Amino acid sequence: MSSGLNPASCEAWANSYFAPLPIEVRNVMLRDAFVVTVQAGRMINGPYSPPRLFLLHSGQARVAAVSKEGRAATVRYTGPGQVLGLPAAIYDSSPIAAYAITDCEMSMLNVNHLRRLAQNDPKVAWLLLQQTCAIIYETVEILADTIFGTVEQRVSRHLLDLASNSEDGLIVNVEQQELADAIGSVREVVARALRKLREAGLVERHGRGLRIVNPSALHHIASGVATAPGA
């Protein structure tokens with residue numbers, strides 16, 4: 001863990017929705033930010049925990065709504081340059097948790113600085129309002145897919161969201177149970193959907209995960225334009 005105006009923090013800020021704000025705002029927010037690393041599979045922030053704000057430098061994280069029984073439903077994914085914890089930073093509490101899909105490095109920003117800036121600078125307040133609306137729309141879209149979409153649509157969408165570019169192509173490193181939890185289904189049903197996609201040549205096994213062979217066709221299934229093979 002380190003503190004100060006870290007170069008990685010500055011780069012992440014430049015790639016985030018904070019980038020249009022004046023440099024003075026950046027300096028205030030980053031001057032005492034802490035750089036932290038969370039290992040893959042670990043929780044970054046729990047539901048109803050004290051408000052924390054993270055700016056992701058590298059890695060991929062899953063944001064999920066968590067029930068009282070501990071069940072989690074994915075509402076969005078985040079990558080480098082994205083922010084975790086904005087609703088809680090504004091409202092002071094949230095039923096949302098964040099989990100590291102891969103090892104994640106991020107800056108933990110001072111929530112009180114953000115609140116003070118928003119109260120005194122209309123540009124900051126307006127940007128936060130816009131981003132809160134964007135989060136709501138993205139969450140509604142994913143939840144609508146979860147409620148109304150077929151299993152094949154939901155699996156296809158989450159595979160595309162989770163894919164990372166590598167020398168071997170678009171790779172998804174996720175267990176079937178994790179995918180089932182993300183779409184609100186069970187492992188056996190997800191396994192059948194993945195088998196259909198493999199048999200159609202859209203995905204293939206790659207190590208402990210999957211390689212997306214035909215992202216265009218997978219996108220058509222995810223958006224409902226095409227039907228999953230064998231469905």
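Since the structure is predicted, the reported quantities are computational estimates derived from the model, not experimental observations.
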Treating Ile, Leu, Val, Met, Phe, Trp and Tyr as nodes and any side-chain heavy-atom pair under 4.5 angstrom as an edge, say whether [X] and [Y] lie in one connected cluster.
{"X": "I171", "Y": "L179", "result": "no"}
{"X": "V213", "Y": "V172", "result": "no"}
{"X": "V186", "Y": "V190", "result": "yes"}
{"X": "V124", "Y": "I90", "result": "yes"}
{"X": "V189", "Y": "V203", "result": "yes"}

Kindly indicate whether the side chain of [X], heavy atoms from C-beta on, has any atom under 4.5 Å from the side chain of [Y].
{"X": "N173", "Y": "T102", "answer": "no"}
{"X": "Y48", "Y": "P95", "answer": "yes"}
{"X": "L197", "Y": "L210", "answer": "no"}
{"X": "L55", "Y": "M106", "answer": "no"}
{"X": "V155", "Y": "I221", "answer": "no"}
{"X": "L117", "Y": "M29", "answer": "yes"}
{"X": "V28", "Y": "R116", "answer": "yes"}
{"X": "L128", "Y": "F18", "answer": "yes"}

Nearest non-hydrogen partners of [X] and [Y], listed with the distance:
{"X": "H206", "Y": "D168", "answer": "NE2-OD2, 3.1 Å"}
{"X": "A61", "Y": "I44", "answer": "CB-CD1, 3.9 Å"}
{"X": "G59", "Y": "P80", "answer": "O-CD, 3.4 Å"}
{"X": "P122", "Y": "N120", "answer": "CD-O, 3.8 Å"}
{"X": "M43", "Y": "G46", "answer": "SD-CA, 3.3 Å"}
{"X": "N112", "Y": "N110", "answer": "N-OD1, 2.9 Å"}

Should the heavy atoms of other residues, nucleotides or ligands under 6.0 Å from CD of Q130 be counted, would the total exceed 12?
-> yes
R42 atom CZ, neighbour heavy-atom count above 12 within 6.0 Å | no
So, taking the atom named [atom1] in [X] and the one named [atom2] in [Y], what distance separates them when rounded to the nearest 0.5 Å?
{"X": "L5", "Y": "S107", "atom1": "CG", "atom2": "OG", "answer": "9.5 Å"}
{"X": "H158", "Y": "Y77", "atom1": "NE2", "atom2": "OH", "answer": "4.5 Å"}
{"X": "L162", "Y": "R157", "atom1": "CG", "atom2": "CZ", "answer": "11.5 Å"}
{"X": "I212", "Y": "L170", "atom1": "CD1", "atom2": "CG", "answer": "5.5 Å"}
{"X": "I183", "Y": "S156", "atom1": "CD1", "atom2": "OG", "answer": "9.5 Å"}
{"X": "L202", "Y": "H220", "atom1": "CG", "atom2": "NE2", "answer": "11.5 Å"}

Stepwise, does the salt bridge (Lys or Arg N to Asp or Glu O under 4.0 Å) test hold for R187 with E175?
-> CA-CA 9 Å; R187 185 179 181 277; E175 301 287 342; over 6 Å; no
Any luck finding a side-chain donor-acceptor pair between D32 and H113 under 3.5 Å?
-> yes
Inspect the contact between D92 and R115 and indicate whether a charged nitrogen and a carboxylate oxygen are less than 4.0 angstrom apart.
-> yes
Between N6 and L30, is a side chain to side chain contact (heavy atoms under 4.5 Å, CB included) present by the stated rule, with each step listed?
-> CA-CA 8 Å; N6 185 281; L30 296 186; over 6 Å; no
Could you go step by step and tell me if N214 and L218 meet the side chain to side chain contact (heavy atoms under 4.5 Å, CB included) rule?
-> CA-CA 6 Å; N214 192 333; L218 204 63; over 6 Å; no
Criterion side chain to side chain contact (heavy atoms under 4.5 Å, CB included) on T78 and F54, from CA distance to verdict = CA-CA 11 Å; T78 63; F54 298 94; over 6 Å; no
Trace of the side chain to side chain contact (heavy atoms under 4.5 Å, CB included) decision for E178 with D181 = CA-CA 5 Å; E178 293 179 77; D181 292 341; 5.5 Å; no
So, R198 side chain and R205 main chain: donor-acceptor pair closer than 3.5 Å or not?
-> no
Are any side-chain N or O atoms of D103 and backbone N or O atoms of A40, one a donor and one an acceptor, separated by less than 3.5 Å?
-> yes
